[in-house]
Amino acid sequence: MSLFSEAQKVIIVILGALFGAVSLNYFLIPANVYASGFTGIAQLLARILQATPIPASTGILLFLLNIPVAILGWRKVGKSFTIYSIFSVAATSFFLELIPIRVISEDILLNAVFGGVLAAVGIGFTLKWGASTGGMDIVAMVLSRMKDRPIGIYFFSLNSLIILTAGLLYGWEKALYTLVTLYVTSRVIDVIHTRHEKLTAMIITKKGAELQKAIHNQMVRGITKLPAKGGFTDEEKELLFIVVTRYELYDLEHIIKEVDPHAFTNIVNTTGIFGFFRTEGK
């Protein structure tokens, strides 16, 4: 990957972290509405610790919660993905400490909706550029590989725990508005970045051998090759089929651009596969 592409990725991760921090400090935290995943857990812990001699901010708690997860991700998911995830968490924690908590609106529904939208924009673009916001993304991926179950089960379980805890501690109205935020966040992320676990790429190229070698050098994925011919030009080409996870899509796009910028690629959602699919990824 070029230095320019790496710089773009870093900028996107920073902007994603900024959106996440703004959604928390301007909307969700003032309204006592909770985000999804580890961010929601950090909010709950920060609220609980306010009544103790050792209060801690959401940003600090979010960073501390992600330390063991980062170690797990480094060993089980992949170094590049984990490094950017750690950077995303660190940037989010920094912005949470830098940006003051401020009440923008007294309307709890507006806070729940706009907080969810801003959080989703940050998460969606971070995922689209091949990183994650850490926390539950990494845990869910590791558990999914170990137990061979869909990632969504683990997201649902953790978020259900957050909603239940918020309801028991601070009233069920807050829990219901938290549910609104989680729904809005998931829907907006779907618009920005596919949440399907697997995608199929169909690549039409005149550089089949070079592209196959480049993909195998960076990704542990099988490729099926078929002969193809241009409908207008009658040029001889190759059609490459490859199934990847949504976290590998960014890397695949950049490999294709570097090897054959003129290749035509169609990305489709894969609802299911039969046969061997390597789950240890990159």
Side-chain angles (χ1 to χ4, degrees), residues 1-19 73 77-88 91 120-134 137 141 188-270 273 277-282:
M1 192 182 298
S2 68
L3 186 61
F4 178 70
S5 296
E6 292 285 359
Q8 282 183 312
K9 193 170 180 178
V10 168
I11 291 170
I12 291 295
V13 170
I14 291 173
L15 289 175
L18 179 60
F19 272 100
V77 178
K79 293 180 176 59
S80 175
F81 177 80
T82 305
I83 288 170
Y84 278 105
S85 299
I86 295 169
F87 178 63
S88 174
V121 170
I123 295 168
F125 281 106
T126 301
L127 288 173
K128 193 176 181 71
W129 282 74
S132 86
T133 52
D137 269 358
M141 287 181 69
V188 175
I189 289 174
D190 281 344
V191 172
I192 296 173
H193 184 274
T194 177
R195 295 193 62 134
H196 290 272
E197 186 179 355
K198 299 178 183 67
L199 305 167
T200 298
M202 293 174 282
I203 311 161
I204 300 174
T205 177
K206 290 188 285 186
K207 299 181 178 180
E210 296 96 319
L211 193 53
Q212 178 184 346
K213 183 178 179 181
I215 292 171
H216 282 160
N217 283 340
Q218 297 188 44
M219 303 170 66
V220 186
R221 290 288 168 232
I223 299 172
T224 299
K225 298 168 64 176
L226 296 172
K229 180 178 286 190
F232 289 103
T233 62
D234 278 339
E235 284 185 294
E236 298 294 334
K237 301 182 181 181
E238 285 186 293
L239 174 61
L240 277 60
F241 281 88
I242 178 171
V243 179
V244 297
T245 66
R246 63 189 175 101
Y247 295 103
E248 295 170 312
L249 181 58
Y250 175 84
D251 291 334
L252 179 63
E253 288 176 350
H254 280 264
I255 293 169
I256 295 170
K257 287 178 183 177
E258 287 179 4
V259 176
D260 185 5
H262 301 292
F264 178 83
T265 305
N266 182 26
I267 306 293
V268 296
N269 293 324
T270 301
I273 57 173
F277 181 81
R278 187 181 177 91
T279 56
E280 286 303 316
K282 296 185 269 189

Requested in this report: Step by step, work out the salt bridge (Lys or Arg N to Asp or Glu O under 4.0 Å) result for Lys229 and Glu235.
Outcome: CA-CA 5 Å; Lys229 180 178 286 190; Glu235 284 185 294; over 6 Å; no
Query - Pair Ile223-His216, side chain to side chain contact (heavy atoms under 4.5 Å, CB included): steps then yes or no - result: CA-CA 9 Å; Ile223 299 172; His216 282 160; 3.7 Å; yes
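- Expressed to the nearest 0.5 Å, how far CG of Asn266 lies from CD1 of Ile204 amounts to 8.5 Å.
- Between Ile242 and Gly222, the shortest heavy-atom contact is CG1-O, 3.6 Å.
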Requested in this report: Could you give me the CA-CA distance, side-chain angles and deciding distance for Met219 and Ile255, then say whether side chain to side chain contact (heavy atoms under 4.5 Å, CB included) is met?
Outcome: CA-CA 10 Å; Met219 303 170 66; Ile255 293 169; 3.9 Å; yes
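- Atom NZ in Lys237 sits 15.0 Å away from atom CG in Leu226 (nearest 0.5 Å).
- Rounded to the nearest 0.5 angstrom, Met202 CE and Ile267 CD1 are separated by 8.0 Å.
- Considering every non-hydrogen atom in both Phe241 and Thr200, the closest pair reads CD2-CG2, 4.4 Å.
- Distance check, rounded to the nearest 0.5 Å: CG of Leu199 to CG of Leu252 gives 9.5 Å.
- Here the shortest heavy-atom pairing between Ser88 and Ala17 reads O-CB, 3.9 Å.
- Atom NZ of Lys225 has more than 12 heavy atoms from other residues, nucleotides or ligands within 6.0 Å.
- In this structure, the side chain of Asn217 engages the main chain of Lys213 through a donor-acceptor pair within 3.5 Å.
- Tyr84 and Val10 make their closest contact through CE2-CG2, 4.0 Å (heavy atoms, listed as atom of the first residue, atom of the second, distance).
- The distance from atom OG1 of Thr126 to atom NZ of Lys9, rounded to the nearest 0.5 Å, is 10.5 Å.
- Atom CG of Leu211 and atom CD1 of Ile203 lie 5.0 Å apart (nearest 0.5 Å).
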Report task. With side chain to side chain contact (heavy atoms under 4.5 Å, CB included) as the test, would you mind laying out the steps for Ile123 and Phe19 before giving the verdict? Result -> CA-CA 9 Å; Ile123 295 168; Phe19 272 100; over 6 Å; no
